[in-house]
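Everything below concerns the one structure shown next.
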There are 2 protein chains.
Amino acid sequence: MGPSGRRPGTSGARQAILRAAREQFGRHGYDAATIRGIAAQAGVDPALVHHYFGTKEGVFVEAMRLPFRPSEIVDTVHDDAGTAGERLVRLFLSVWESPASRDALQGLIRSAVSHEQAASMLREFITKELIGRVATVVDRPDAQLRGALVGAHMIGLGMLRYVLRVEPLASADPDDLVALIGPTLQRYLTG
Amino acid sequence: MGPSGRRPGTSGARQAILRAAREQFGRHGYDAATIRGIAAQAGVDPALVHHYFGTKEGVFVEAMRLPFRPSEIVDTVHDDAGTAGERLVRLFLSVWESPASRDALQGLIRSAVSHEQAASMLREFITKELIGRVATVVDRPDAQLRGALVGAHMIGLGMLRYVLRVEPLASADPDDLVALIGPTLQRYLTG
């Protein structure tokens, strides 16, 4: 046992799984890729993939170095749907404010607008794990569309504030943004 | 005189001006580039640049192959500020629905997220000619920020609907989008 209490080779297996995951997601897309396929390519047992990363969402988040798990976002919405708008804006801003997360998100946007393969992976992931989950709290026939509009507003905010750094958005106080944008998201969710 | 009634060489001068404009905007940014500098580099009189393209905005729009003039957007808002939200969404969707415009906008987003020079040009242009103009109709101390939020929502809509093609946004009926998003923009403008 090493000083971390892990068996030697653990980190090697973990890295092999992430490499295999990037290839499988790239080749088959998010929906069609499976933990079984990822494990086979990495030469490990599927149980080890579950052990390290939990779900397919967890593998994707780690493989793509996403700075957050969409399921956290859904918890935010589920906690109290009536005030979810403001909390969603605040959570989104806090993720982007960390420089490491910002680099990861910027890299993701960059590949998605330049490579159809990356776009397709991200599309399926956003649809299923983000919009699909947000939509479960919207009590309307057009719940998926409303969930997508929440996503659209947040992605545009990220683009203008953090990627293009357009003023006065780039240096606006987060509290002002929460006060202005919160009611918009709230209307999409429950309005 | 050619069949178009123009003197021969007209199209050559026009192309030389656009080439010079792309270089001048790239080197100096949108704010610092001047019609005089563009004309000097193209070897023509500044009056000819004004003749072909009107304002600096006009030169930029043609040089970057933008599918619309921001001043059209402002006209939309000025016409009747009380209903501008829905009309802005409709105008935005109609620009993206044309395949040629879509390619141009996608190319622009692609370079802006990958090249700091392109990002900087676009940032200054969006700030001055789009947000600045929209903000003139907002009767609030935070008019610029509200104008920027209108832009953020529209850019995010473009990214998800047309670039990433996320469902159900990608195939949503434009009328449904106008009905859902119009009130959001209206609240940013006059709410």
Side-chain angles (χ1 to χ4, degrees), chain A residues 106-116 118-128 130-132 135 140 142-161 163-173 176-177 179-181 183-188 191, chain B residues 105-116 118-128 130-132 135 140 142-161 163-173 176-177 179-181 183-185 187-188 191:
Chain A
Q106 219 162 323
L108 206 67
I109 291 179
R110 203 167 279 151
S111 23
V113 298
S114 310
H115 305 291
E116 174 49 31
S120 146
M121 265 194 314
L122 196 63
R123 175 188 313 134
E124 292 175 6
F125 182 74
I126 289 177
T127 304
K128 188 160 192 168
L130 249 171
I131 297 175
R140 294 288 193 101
D142 57 356
Q144 290 273 344
L145 184 56
R146 286 167 172 266
L149 291 179
V150 168
H153 201 353
M154 291 296 89
I155 284 180
L157 177 63
M159 284 281 293
L160 278 201
R161 178 172 163 96
V163 180
L164 293 181
R165 298 190 309 285
V166 163
E167 293 295 356
L169 202 49
S171 34
D173 189 291
D176 292 341
L177 292 176
L180 278 165
I181 305 172
T184 296
L185 302 197
Q186 195 61 50
R187 192 177 62 80
Y188 288 149
Chain B
L105 288 170
Q106 220 163 324
L108 205 68
I109 291 179
R110 203 168 279 151
S111 20
V113 298
S114 310
H115 306 291
E116 174 49 31
S120 147
M121 266 194 313
L122 196 62
R123 175 190 311 136
E124 293 175 7
F125 182 74
I126 290 178
T127 305
K128 188 160 191 170
L130 249 170
I131 296 175
R140 294 288 193 100
D142 57 355
Q144 290 274 342
L145 185 55
R146 286 166 173 265
L149 291 179
V150 168
H153 202 352
M154 291 297 89
I155 284 182
L157 177 64
M159 286 280 293
L160 279 200
R161 178 172 164 96
V163 180
L164 292 181
R165 299 190 307 285
V166 163
E167 293 295 356
L169 202 49
S171 35
D173 188 291
D176 292 341
L177 293 176
L180 278 164
I181 304 171
T184 295
L185 302 197
R187 191 176 64 79
Y188 288 149

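It should be emphasised that the depicted structure is a prediction, and the values quoted were computed from it without experimental measurement. Chain letters run A, B, ... following the sequence lines, proteins first and then strands; every chain starts at 1.
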#### Entry: Contact origin within A:A172 toward chain B - heavy atom pairs under 4.5 Å
side chain
### Query
When rounded to the nearest 0.5 angstrom, what is the spacing between CE in B:M121 and CG in A:L164?
11.5 Å
#### Entry: Spatial distance of atom CG (A:L157) from atom NE2 (B:H153) [nearest 0.5 Å]
11.0 Å
### Message
Looking at A:V166, is its backbone amide N or carbonyl O close enough to the side chain of B:R123 to form a donor-acceptor pair, meaning the two atoms are under 3.5 Å apart?
### Response
no
### Top contributor to chain A contacts, counting heavy-atom pairs under 4.5 Å, from B:D142, B:T127, B:L149
B:L149
### Message
Main chain of B:L180, side chain of A:R187: is a donor-acceptor contact present, judged purely on distance under 3.5 Å?
### Response
yes
### Query
With only heavy atoms counted, which part of A:E167 is less than 4.5 Å from chain B, the side chain, the backbone, both or neither?
backbone
### Task
Please determine, among B:L177, B:V163, B:L160, B:I155, the option with the most heavy-atom pairs under 4.5 Å with chain A.
B:L160
### Query
Got a second to check how far B:D176's CG is from A:L145's CG, nearest 0.5 Å?
7.0 Å
### Query
salt bridge (Lys or Arg N to Asp or Glu O under 4.0 Å) with A:R165: which residues, sequence neighbours excluded?
B:E116
### Task
Return the option, out of A:G147, A:P183, A:A118, with the maximum number of heavy-atom pairs under 4.5 Å with chain B.
A:P183
### Message
Taking side chain as everything from C-beta outward and backbone as N, CA, C, O, which of these in A:L122 sits under 4.5 Å from a heavy atom of chain B? Side chain, backbone, both or neither.
### Response
side chain
### A:I126 portion near chain B, given a 4.5 angstrom heavy-atom threshold
side chain
### Task
Rounded to the nearest 0.5 Å, what's the gap from CG on B:L169 to CD1 on A:I131? Could you check?
7.0 Å
### Query
What option among B:A119, B:A152, B:G151, B:G158 has the most heavy-atom pairs under 4.5 Å with chain A?
B:A152
### Interatomic distance, A:I181 atom CD1 to B:Y188 atom OH [nearest 0.5 angstrom]
5.0 Å
